[in-house]
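Ligands are counted one by one from 1 in listed order, and the atoms in each one are counted from 1 as well. In what follows, every heavy atom counts, from backbone to side chain, and hydrogens, waters and symmetry copies are set aside.
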Amino acid sequence: DSIDSDVDPMERSWPTRQNSRSSVLSEWDIPYEELEIQDLIGAGRFGRVFKGKWHGDVAIKVFNIETDNDLQLASFKTEVSMFRKTRHENLVLFMGACMKLPHLAIVTSLCKGKTLYDTVRDRRETLNMSRIVNIATQIAQGMGYLHAREILHKDLKSKNIFLENGKVVITDFGLFSVTKLIQYGERKDDTLAIPPGWLPYLAPEVITSLRATSQYTDSDLPFSQASDVYAFGTVWYELLVGDLPFKTQPAESIIWQVGKGLRQSPSNVQSRDAKDILMQCWKTQPDKRPQFSDLTQTLDRLPRKRLTRSPSTPLHLSRSAES
Ligand code: ATP
């Protein structure tokens, strides 16, 4: 078939509807009334996530911003404008947002699979090394794309990674600023709230910047591409070992150890190559850590057969590679 290059193939197959243009919404605005909010999926630091309907199944993140606080509102809008730039198969699909107070919400595709957090802890799951490397590669690819778009995740963790029929879907990127502004904005005392399971993903430069203050914003914390890579290291550790580093330790102890350059080593992981990746990502100096593009190549070169994953056994501390 010859194709007339002057005619858009879509226009030939589907009649154009010029007259209906006026009813089309501005690109990312979703009127709150159009959302059908269904069951609560869960509550996080910033608000609640509901299953819902908007032209099909969606996840609706409703933010607890009650406020006439212009800073919070501006921050929300900045985050949303950043979301719009993301189109990658390993990133949750951003569909739009409700931007008018009092209803602030983000609408994304609904992830129907299990989180990586649940997957690595499920004894019935068989995570052989080739699957582990495959999952890690997809995460690195999604993260590499975000960084190429100059977006930092700031909260990469196994609870923010879904697995759907073998495909990795990363969620919650860039939402950290909103969540932290809200959380710390609301605090009246001088204590620092540390959400459970947060510290193991925090790079040493971020951990050592934590301060007990009620005036906290994320601009006080030195997040960077390298701190996202550190968090990826922790996810890699979870994939290999099936649990978080420093699992049973109190926050003070984790902060002290990581600040001193101590890391938990997966002593029961046989493969030197797998441990090397971990130690590279967990380096103390941010500029010594690899980039996600390097990591996808390293993962691709891993001799998968020689790698083994053993059930979790007592772990030992090791110093990070250069300290
Ligand atoms: P935190 O606030 O510390 O990040 P969290 O990740 O558990 O904690 P949320 O991100 O608010 O909190 O998520 C709340 C719940 O909604 C979690 O169970 C999460 O797995 C689920 N969830 C989030 N996004 C989606 C999505 N797009 N599809 C399906 N479930 C989702």
**Request:** Assess whether atom CD of Q291 is packed by more than 12 heavy atoms of other residues, nucleotides or ligands within 6.0 Å.
**Result:**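 No, the 6.0 Å shell around CD holds no more than 12 heavy atoms from other groups.
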Pull out every atom of ligand 1 sitting under 4.0 Å from any heavy atom of [X], numbered as shown with elements.
| X | result |
| --- | --- |
| S109 | 27 (N) |
| A59 | 26 (C), 27 (N), 28 (N) |
| V49 | 11 (O), 13 (O), 14 (C), 16 (O), 22 (N), 23 (C) |
| D172 | 4 (O), 10 (O) |
| N160 | 6 (O) |
| T108 | 27 (N) |

**Prompt:** Would one find an N or O of C111, backbone or side chain, under 3.5 Å from an N or O of ligand 1?
**Reply:**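 The answer is yes, given that C111 and ligand 1 share an N or O pair closer than 3.5 Å.
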**Prompt:** Is the shortest N/O to N/O distance between K157 and ligand 1 below 3.5 Å?
**Reply:**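 By distance alone, the answer is yes.
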Show me the side-chain donor-acceptor pairs of residues 87-98 shorter than 3.5 Å, one per line, residues at least two apart or across chains.
residue: H88; atom: ND1; partner: N90; partner atom: N; Å: 3.0
residue: N90; atom: ND2; partner: Q138; partner atom: OE1; Å: 3.1
residue: N90; atom: ND2; partner: V168; partner atom: O; Å: 2.9

**Message:** Among residues at least two apart in sequence or on other chains, which ones pass side-chain contact (heavy atoms from CB on, under 4.5 Å) with S253?
**Reply:**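 Checked S253 against side-chain contact (heavy atoms from CB on, under 4.5 Å); matches are Q249, P250, Q257.
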**Asked** Does ligand 1 have any atom that is closer than 4.0 Å to a heavy atom of K61?
**Response**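 It does, in that a heavy atom of K61 comes within the 4.0 Å cut-off of ligand 1.
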**Item:** F162 heavy atom under 4.0 Å from ligand 1
**Value:**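 Heavy atoms of F162 do come under 4.0 Å of ligand 1.
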Would you say the side chains of [X] and [Y] form a donor-acceptor pair under 3.5 Å?
| X | Y | result |
| --- | --- | --- |
| W54 | E34 | yes |
| S227 | R289 | no |
| W282 | T234 | yes |

**Prompt:** Does K51 approach ligand 1 within less than 4.0 angstrom via side chain, backbone, both or neither, non-hydrogen atoms only?
**Reply:**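 It is neither part, as no heavy atom is under 4.0 Å.
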**Request:** Mind checking whether L110 contacts ligand 1 via backbone (N, CA, C, O), side chain (CB onward), both or neither, at a 4.0 Å heavy-atom cut-off?
**Result:**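 For L110, backbone and side-chain atoms both sit under 4.0 Å from ligand 1.
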**Atom pair NZ (K159) and OH (Y117), whose distance is rounded to the nearest 0.5 Å** =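 The distance works out to 4.5 Å.
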**Asked** Are any of the side-chain heavy atoms of E238 and D243 separated by less than 4.5 Å?
**Response**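 No - every pair of side-chain heavy atoms lies 4.5 Å or more apart.
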